[in-house]
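Scroll down for the structure; my scribbles are underneath it.
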Amino acid sequence: MNDASPAPAPAPRRARVRAPELIDKGGWLNTGGKELTLADLRGKCVVVDFWIS
């Protein structure tokens, strides 16, 4: 008698969505004049605060 249950089906893969770069007026604030890209931040912990005035 075999008590082994069948292996669960793998979870479906979701498409990876890339975040758009923040440019123009809605770009990065308080960077000391340094231009940032998302590639510059890869692998770093980043806090993003979205707000509307």
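The residues of the chain are indexed from 1 along the displayed sequence. These numbers were taken from a predicted model, which means no experiment stands behind them. Both backbone and side-chain heavy atoms feed into the values below; hydrogens, waters and symmetry mates do not.
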Review point. Going through the checks in order, is the side-chain contact (heavy atoms from CB on, under 4.5 Å) test met by Trp28 and Thr37?
Key: CA-CA 9 Å; Trp28 298 101; Thr37 66; over 6 Å; no
With rounding to the nearest 0.5 angstrom, report the [atom1] to [atom2] distance, [X] to [Y].
X	Y	atom1	atom2	result
Asp40	Glu35	CG	CD	10.0 Å
Thr31	Leu22	OG1	CG	11.5 Å
Arg18	Arg16	CZ	CZ	6.5 Å

**Study point:** Same apolar cluster (I L V M F W Y, side chains within < 4.5 Å links), Val46/Leu36
**Key:** yes
Review point. Between the main-chain N or O of Leu38 and the side-chain N or O of Glu21, is there a donor-acceptor pair closer than 3.5 Å?
Key: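 Answer holds: yes.
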